[in-house]
Amino acid sequence: AIKNLSFWQKDDETLFLYLFDKLLEKSNYCTDLSTLNDSEKIFITMAKLEQEVNNGGFDQFFFNTNDKMNDILVSSAEAIKAYDIANLCKKALDIYSEHSDQDEPINELNECDEAFYVSTDYITALCVKFAKDNKQQFNY
């Protein structure tokens, strides 16, 4: 666990980016999630969702994660108490599974993207609270 108590006193954005960076390295940039424990998988799944959807929508998330996080996407959102995002993820996964054979962007996901952008579930803050509540699981 992170022994330096002052580390956990940093602002949410700093903590979020630091932990996200460490987990990206540890998981070889999300190519090997088996190197992470359950709490770390939850954190990185939500951090990756935040990054990818804000940069290019759910379509980009699914493409850039190569479906590696699909099976833990909803449970990860629920674990950090992002229930609105969890419901959006369920909807996005349903749409994605119907269209996963197509090569072009899935326009049906745009509605999920728009709802994500206006959600009051602030993933950064929820991830940091989750990490603080599970400090012993984050080892750096």
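Sequence positions, counted from 1, serve as the residue numbers for this chain.
Following chains of ILVMFWY side-chain contacts shorter than 4.5 Å, one cannot reach Y83 starting from Y122, and the two form parts of different hydrophobic clusters. Under the 4.5 Å side-chain heavy-atom criterion for ILVMFWY residues, a single connected hydrophobic cluster contains both L17 and I42. If you chain together hydrophobic residues whose side chains sit under 4.5 Å apart, V118 and L109 never meet in one group.
Between the CD1 atom in I85 and the CD1 atom in I80 there is a gap of 8.0 Å [rounded to 0.5 Å]. Taking CD from E40 and CG from L33, the interatomic distance works out to 10.5 Å, rounded to the nearest 0.5 Å. One finds the CG atom of N70 at 5.5 Å from the CG atom of L93 (value rounded to the nearest 0.5 Å). Distance NE2/H99 to CD/E104: 10.0 Å, rounded to 0.5 Å. Atom NZ of K90 sits about 11.0 Å away from atom CG of L73, to the nearest 0.5 Å. N64 contributes atom CG, which lies 10.5 Å from atom CE of M69 (distance to the nearest 0.5 angstrom).
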Let me check something: any side-chain donor-acceptor pairs from residues 124-134 under 3.5 Å, sequence neighbours excluded? List them with distances.
residue, atom, partner, partner atom, Å
K129, NZ, D133, OD2, 2.8
N134, ND2, F130, O, 2.7

Give the table of side-chain donor-acceptor pairs shorter than 3.5 Å for residues 53-63, with sequence neighbours excluded, one pair per line with atom names and distance.
residue, atom, partner, partner atom, Å
N54, ND2, E50, O, 3.0
N55, ND2, Q51, O, 3.1
D59, OD1, I106, N, 3.2
Q60, NE2, E52, OE1, 2.6

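Taking each heavy atom of L15 and W8 in turn, the nearest pair found is CD1-O, 3.8 Å. The two residues C112 and L88 have their closest heavy-atom pair at O-CD2, 4.0 Å. Here the closest non-hydrogen pair linking D121 and A82 is OD2-C, 3.1 Å. Smallest separation of non-hydrogen atoms from S97 and D94: OG-O, 2.9 Å. Of all non-hydrogen atoms in M46 and A77, the two that sit nearest each other are SD-CA, 3.5 Å.
In this structure, the side chains of F116 and E114 stay at 4.5 Å or more apart for every pair of heavy atoms. Between N28 and T35 there is no side-chain heavy-atom pair separated by less than 4.5 Å. Residues F43 and L36 are not in side-chain contact: their nearest non-hydrogen atoms beyond the backbone lie 4.5 Å or more apart.
Counting heavy-atom neighbours within 6.0 Å of E111 CD, excluding the residue itself, gives a total of 12 or less.
Residues meeting the side chain to side chain contact (heavy atoms under 4.5 Å, CB included) test with L24, sequence neighbours left out: F20, Y29, C30, I44.
Side chain of D11 to backbone of E13: a donor-acceptor contact under 3.5 angstrom is found.
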